[in-house]
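Below is one structure, written out as structure tokens; comments come after it.
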Amino acid sequence: MYALVDGNNFYASCERVFRPSLNGCPIVVLSNNDGCAIARSNEAKALGIAMGAPWFKIKHLVETSGLVALSANFALYGDLSDRMMSLAAGLGPAQEIYSIDESFIDMTGVQGDLVARSHKVRRRILQWVGIPCGIGIGRTKTLAKLANYVAKTAERKPGSYPEHLAQVCNLDALPPAQLEAVLAATAVGEVWGVGRRISAQLVEAGVSTVLDLTRLDAATVRRRWSVVLERTVRELQGTACIDLAHTPAAKQEIACTRSFGHAVTAQADLAEAVTEFASRAAQKLRQQGSQAAQVLCFIRTSPFRPEAQYSRSISVPLRRPSADTGVIVAAALAGLAAIYRPGFQYAKAGVMLLDLQSDRVQQGELMFEDEATELQARSHLMATLDELNLRYGRGTVVMASAGLAGERRVWSMKQERRTPGYTTCWADMPVARA
DNA sequence: TCTGGGGTCCTAGGACCC
DNA sequence: TCTGGGGTCCTAGGACCC
């Protein structure tokens with residue numbers, strides 16, 4: 001038995017924790033560069049704001065409907081997420097943190113009333129962290145996801161599902177007739193693993209509800225669609241095909257990419273951005289104990305703009321797998337020099353690290369002694385770099401090609417509505433007054 | 001003026017091997 | 001009339017997730 005605990009409208013709820021005056025207000029949280037809406041409170045959803053709606057298209061709602069828009073504050077969300085996760089873990093013996101706002105809990109062997117236990121944990125998260133969440137329970141991860149959807153929807157849209165399924169829903173505890181009614185009332189596109197494309201194909205084939213999908217023959221689904229969808233169908237039928245991931249797997253690729261606050265044309269400015277992205281990526285790489293054998297660098301103009309378009313990427317193989325910021329930045333800059341063309345309005349760039357492997361595995365090679373010594377020294381240098389940036393804050397020690405701190409960089413991100421780092425920055429600590 | 005960032009898995013097809 | 005059989009590795013592209 002699995003439970004899925006999922007924070008409601010997570011980013012929007014995080015913003016409300018320290019600004020209770022936002023309760024009841026329509027809120028959206030904006031992506032980097034204040035580009036588009038990536039989280040919406042229920043009130044904002046009710047205004048008809050779609051996920052991913054461009055900010056300039058919904059801006060007018062500030063005047064007409066009291067919409068509040070905030071720049072994404074990922075330091076805050078990450079910290080509140082950690083707190084929520086540690087409480088959610090109390091539901092059962094094992095937890096998989098699936099995303100910033102969701103975790104699966106293995107409830108195998110948990111005695112007693114699972115629904116009552118879930119309500120208790122839910123109340124605790126609400127009281128101790130301030131985040132409302134929904135909890136879904138089912139025999140497989142896909143069913144737990146579905147139950148979670150029912151729990152949230154029953155709360156948000158009264159009348160959509162039986163009232164007692166709001167907030168916490170255990171599909172496994174429903175009498176067969178009630179379960180069928182719930183499955184029949186849910187669109188097939190709400191199933192975990194069924195996206196827009198497959199959903200359209202299923203509806204076309206007359207499979208429009210979750211009940212219809214559950215009743216399909218798994219082998220037929222495999223033949224007509226894919227092994228991926230077959231797994232989904234089997235999971236809906238109660239056969240677990242997707243295990244709980246007990247330990248987070250090391251990433252196979254690490255990326256750092258950003259859209260710019262303003263269009264960039266000069267190679268020097270792109271080089272600053274690419275240096276920063278490569279440095280961040282290298283740091284993430286060291287954090288998970290990996291080395292990269294290839295560095296990919298890309299630049300592109302904005303597909304939304306009418307000007308001439310240009311988009312290119314290049315993959316630069318490294319002499320030997322490395323996690324050295326200097327080596328990775330140099331490769332990324334060499335890549336940039338190879339693909340850069342003047343005369344374009346660049347909107348985005350990025351660095352990806354590929355062919356990752358553990359840093360504890362070293363390919364043996366013949367090497368001069370001073371070269372080996374140098375590699376050793378560089379590795380210590382990287383450890384020191386990470387330590388300094390951890391202790392004194394990100395960006396304390398950087399590669400010089402990233403540009404000088406304090407100078408306004410033309411490419412830096414736009415974040416005009418950012419809330420304080422209430423729980424992650426001493427200077428931003430909230431003050432309570434009597 | 002203005003449209004995010006970071007991932008995973010699966011399949012098909014080509015190149016190549018014996 | 002009519003060109004084997006069996007396999008691996010790599011890449012691009014599609015689909016999905018939050």
Side-chain angles (χ1 to χ4, degrees), chain A residues 4-11 28-40 49-60 62 69 71-74 77-78 81 96-104 141-142 145 148-149 188-202 222-223 225-232 235 241-243 245 248-263 273 277 280-281 284-285 288 293-294 296 298 300-307 313 315 317 345 347-356 413-417:
Chain A
L4 180 76
V5 185
D6 185 334
N8 298 350
N9 313 324
F10 187 67
Y11 296 166
V28 291
V29 173
L30 301 174
S31 64
N32 281 341
N33 288 310
D34 297 341
C36 57
I38 54 171
R40 307 154 293 155
I49 298 172
M51 185 66 173
W55 168 228
F56 70 90
K57 287 190 181 169
I58 54 173
K59 214 172 185 169
H60 64 278
V62 173
S71 303
N73 184 346
F74 292 111
Y77 312 151
S81 170
E96 171 189 348
I97 294 175
Y98 179 68
S99 73
I100 192 161
D101 68 329
E102 284 173 65
S103 68
F104 287 102
K141 285 167 87 174
T142 303
K145 269 281 221 186
N148 182 271
Y149 170 78
V188 74
E190 302 300 341
V191 172
W192 188 39
V194 178
R196 272 217 326 275
R197 287 280 161 74
I198 305 291
S199 172
Q201 291 171 22
L202 285 169
R222 182 182 202 137
R223 233 178 305 117
W225 280 278
S226 66
V227 65
V228 183
L229 191 63
E230 182 199 7
R231 268 203 291 262
T232 298
E235 283 245 321
C241 306
I242 307 171
D243 289 335
K251 303 249 180 287
Q252 302 175 43
E253 319 176 347
I254 287 174
C256 185
T257 74
R258 292 281 180 280
S259 296
F260 303 136
H262 301 278
F277 303 158
R280 282 280 302 140
K284 290 190 215 170
L285 185 69
Q288 74 160 28
Q294 279 195 72
L296 181 139
F298 76 83
R300 68 155 216 230
T301 52
S302 169
F304 300 107
R305 313 233 351 120
E307 302 108 9
S313 70
S315 183
Q345 301 281 309
K348 183 171 180 172
V351 172
M352 294 172 81
L353 305 180
L354 312 172
D355 279 2
L356 307 192
M413 225 160 50
K414 194 161 64 182
Q415 282 209 305
E416 288 167 352
R417 308 150 180 275

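Proteins get letters first, then strands, A, B, ... in listed order; numbering begins at 1 in each. Here the structure is a predicted model, which means the values were calculated and not measured.
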So [X], base contact, sugar-phosphate only, or nothing? Heavy-atom distance under 4.0 Å.
X        : answer
A:Arg231 : sugar-phosphate
A:Ser259 : sugar-phosphate
A:Leu30  : nothing
A:Lys251 : sugar-phosphate

With sequence neighbours excluded, tell me which residues meet side chain to side chain contact (heavy atoms under 4.5 Å, CB included) with [X].
X        : answer
A:Gln288 : A:Ala250, A:Lys251, A:Ile254, A:Ser290, A:Leu356
A:Ile242 : A:Lys141, A:Thr142, A:Trp192, A:Glu235
A:Phe56  : A:Pro54
A:Ser81  : A:Phe10, A:Met85, A:Ile100

Between the main-chain N or O of A:Met413 and the side-chain N or O of A:Arg258, is there a donor-acceptor pair closer than 3.5 Å?
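Judged by distance alone, no pair lies under 3.5 Å.
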Is there a donor-acceptor contact under 3.5 Å from the side chain of A:Glu416 to the main chain of A:Ser71?
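Not confirmed, A:Glu416 side chain does not pair with A:Ser71 backbone.
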On the nucleotide B:dG5, are OP1 or OP2 found under 4.0 Å from the side-chain N or O atoms that A:Lys348 carries?
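Checking B:dG5 against A:Lys348, a side-chain N or O does come within under 4.0 Å of OP1 or OP2.
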Does A:Thr257 put a side-chain nitrogen or oxygen below 4.0 Å from OP1 or OP2 of B:dG6?
yes
Toward the 5' end of DNA chain B, which comes first, A:Glu253 or A:Cys36, by nearest nucleotide?
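First, find each residue's nearest nucleotide; the 5'-ward one identifies A:Cys36.
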Among all residues two or more places apart in sequence or in another chain, which pass the salt bridge (charged side-chain N to carboxylate O under 4.0 Å, His left out) test with [X]?
X        : value
A:Glu307 : A:Arg305
A:Arg222 : A:Glu230
A:Asp6   : A:Lys152

How would nucleotides 11-18 of chain C be written as a contact map, 5' to 3', with B for base contact, S for sugar-phosphate-only contact and - for no contact, using protein heavy atoms under 4.0 Å?
----SSSS
Using the C1' atoms only, state how far C:dC17 lies from B:dG4, rounded to an integer number of Å.
15 Å
So what is the 5' to 3' dot-bracket string for DNA chain C, if pairs are Watson-Crick or G-U wobble with both distances under 3.5 Å, crossing pairs use [ ] and | means the partner sits on another strand?
....||||||||||||||
